[in-house]
Amino acid sequence: RILEDQGKIQRERGGALNKELTDTLSNLTERPVGEKELINLPAKQLVCAKAAELIKNGDCIFIDSGTTPAHLVPLLANKEIKVVTNSVYALDKLVKEYRGEVYVLGGQFNAKYDMNMGPITLEEISKFRFDHAFLGVSGIDLDSGEIFSADFAIGAIKQMVMKRSNHTYVLSDDSKYSIKALCTWADLTEFDLVFVNSFPANRKKPKNIVVCET
């Protein structure tokens, strides 16, 4: 707890994570989705609760892969919308908690990321037009503005979704500020809004960053 208060580590279930990571995150070093489910859970729920306020009846939305965007699902129960996802992780929650219309994108299933990906997924995305796309990230570089993914194939999916969306949003907890990953797939300025649970007090906050507070 002392090291966490000093900002040197981030406590997690079963251990701790060094917050001053110097290695580049890739698909070789990123942990499986199932192992990250409970990490920074309150922050993930907080940013999704704020982002969900943008969704109105009649919308078609894309829910990205990863553990953070999936926390939108419990907030959709009373909305009449169309949901599109390639995330099997999110689909499992949709089946249990949502009774609306859901489109599941096909492709090659990747067990580590619990998602469908590859050229078939990209082709199917190109057939949709989304009102809102809610995207997760592997890392954010506040100096360069780069948005990272640990895998180029996943980055390509996010880029295609952005092209097919009227509005795009990032959902991220503040642990992502310390992570640099293999693939740069977007710039911070390209998104309508970036939902985070906190922002460094010593930095000028970009206009499109929304700090979500309880």
Side-chain angles (χ1 to χ4, degrees), residues 12-13 32-105 113-116 121 124-125 128-140 147 149 154 157-158 160-162 164-177 186 188 190-199 205-214:
E12 299 179 0
R13 183 178 62 172
V33 165
E35 293 182 11
K36 299 187 292 183
E37 190 168 18
L38 299 180
I39 297 173
N40 296 325
L41 181 58
K44 294 173 181 178
Q45 293 173 327
L46 184 64
V47 298
C48 285
K50 186 65 176 179
E53 295 176 3
L54 297 169
I55 304 170
K56 63 184 186 300
N57 288 340
D59 282 341
C60 177
I61 72 167
F62 179 83
I63 296 180
D64 198 11
S65 59
T67 56
T68 301
H71 287 289
L72 286 170
V73 173
L75 308 169
L76 304 179
N78 298 318
K79 297 183 183 292
E80 296 180 1
I81 61 174
K82 296 179 186 292
V83 179
V84 184
T85 188
N86 65 317
S87 170
V88 178
Y89 176 80
L91 177 62
D92 180 64
K93 297 179 182 299
L94 285 162
V95 169
K96 296 173 182 176
E97 303 179 43
Y98 182 64
R99 295 295 177 263
E101 195 168 331
V102 178
Y103 293 85
V104 184
L105 301 174
Y113 295 118
D114 207 0
M115 63 180 284
N116 295 330
T121 311
E124 293 192 0
I125 291 170
F128 285 90
R129 171 61 68 177
F130 310 111
D131 293 299
H132 305 289
F134 299 93
L135 302 168
V137 301
S138 293
I140 300 174
I147 304 294
S149 172
I154 295 176
I157 288 172
K158 297 174 190 291
M160 178 65 80
V161 168
M162 290 182 70
R164 304 299 299 169
S165 302
N166 295 335
H167 301 286
T168 58
Y169 314 100
V170 164
L171 307 175
S172 177
D173 64 80
D174 56 5
S175 70
K176 302 299 176 67
Y177 297 148
L188 200 62
E190 295 181 64
F191 300 94
D192 292 87
L193 296 171
V194 177
F195 293 93
V196 295
N197 62 301
S198 70
F199 192 80
K205 183 171 70 68
K207 293 181 178 180
N208 65 338
I209 286 187
V210 177
V211 179
C212 306
E213 299 176 340
T214 55

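Positions are given from 1 along the sequence. Remember, it's a predicted structure, so these values are computed and weren't measured experimentally.
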Can you tell me how far OG of Ser198 sits from CG of Asp174, rounded to the nearest 0.5 angstrom? 3.5 Å
Check Asn166 against Arg129 and note the closest heavy-atom contact, atom names and distance. OD1-CD, 3.7 Å
Could you state the interatomic distance from NZ (Lys79) to CG (Leu72), rounded to the nearest 0.5 Å? 10.0 Å
Ionic contact status for Lys93 with Glu37, cut-off 4.0 Å: yes
Kindly give the heavy-atom pair with the smallest separation between Thr67 and Tyr89, and that separation in Å. CA-CE2, 3.8 Å
Keeping Asp173 on the side-chain end and Ala43 on the backbone end, is there a donor-acceptor pair under 3.5 Å? no
Short side-chain donor-acceptor distance under 3.5 Å, Ser175 and Asn40: yes
Side chain Asn86, main chain Met115, donor-acceptor under 3.5 Å: no
Looking only at atom types and distance, does a side-chain atom of Lys44 sit under 3.5 Å from a main-chain N or O of Leu171, one as donor and one as acceptor? no
Should we say atom CD of Glu97 is surrounded by more than 12 heavy atoms from elsewhere, each under 6.0 Å from it? yes
Correct closest heavy-atom pair for Glu53 and Ala49 would be CG-O, 3.6 Å
Is the ring pair Phe62/Phe130 parallel, tilted or perpendicular, if the boundaries are 30 and 60 degrees? tilted
Heavy-atom side-chain contact between Val84 and Ile63 under 4.5 Å: no
Measure from the side-chain N and O atoms of Asn208 to the backbone N and O of Val194, and report whether any donor-acceptor pair falls under 3.5 Å. no
Within a strict 4.5 Å, meaning less than it, do heavy atoms of the Val210 and Val196 side chains meet? no
Testing the basics here: between Met160 and Ile125, what is the closest heavy-atom pair and its distance to 0.1 Å? CG-CG2, 3.3 Å
Closest heavy-atom pair, Cys48 versus Leu75, reported as atoms and distance to 0.1 Å, is O-CD1, 3.4 Å
Test Tyr169 against His132 for ring pair (Phe, Tyr, Trp, His ring centres under 6.0 Å), laying out the working first. CA-CA 8 Å; Tyr169 314 100; His132 305 289; 5.6 Å; yes
Determine whether more than 12 heavy atoms belonging to other residues, nucleotides or ligands lie under 6.0 Å from atom NZ of Lys50. no
Side chains of Phe191 and Ile147: closer than 4.5 Å at any heavy-atom pair? yes
Identify which one of Asp131, Leu76, Leu54 satisfies the side chain to side chain contact (heavy atoms under 4.5 Å, CB included) criterion when paired with Ile61. Leu76
Quick check on Asn78: does its CG atom have over 12 non-hydrogen neighbours (other residues, nucleotides or ligands) under 6.0 Å away? no
Minimum-distance pair of heavy atoms, taken over all atoms of Ser165 and Ala133: OG-CB, 3.2 Å
Measure the CZ-NZ distance between Phe199 and Lys205 for me, rounded to the nearest 0.5 Å. 7.5 Å
Hey, does Asp114 have a side-chain heavy atom less than 4.5 Å from the side chain of Ser87? no
So do Val170 and Phe195 actually touch side chain to side chain, heavy atoms under 4.5 Å? no
Can a salt bridge be assigned to the pair Lys158 and Asp64 using a cut-off of 4.0 Å between side-chain N and carboxylate O? yes
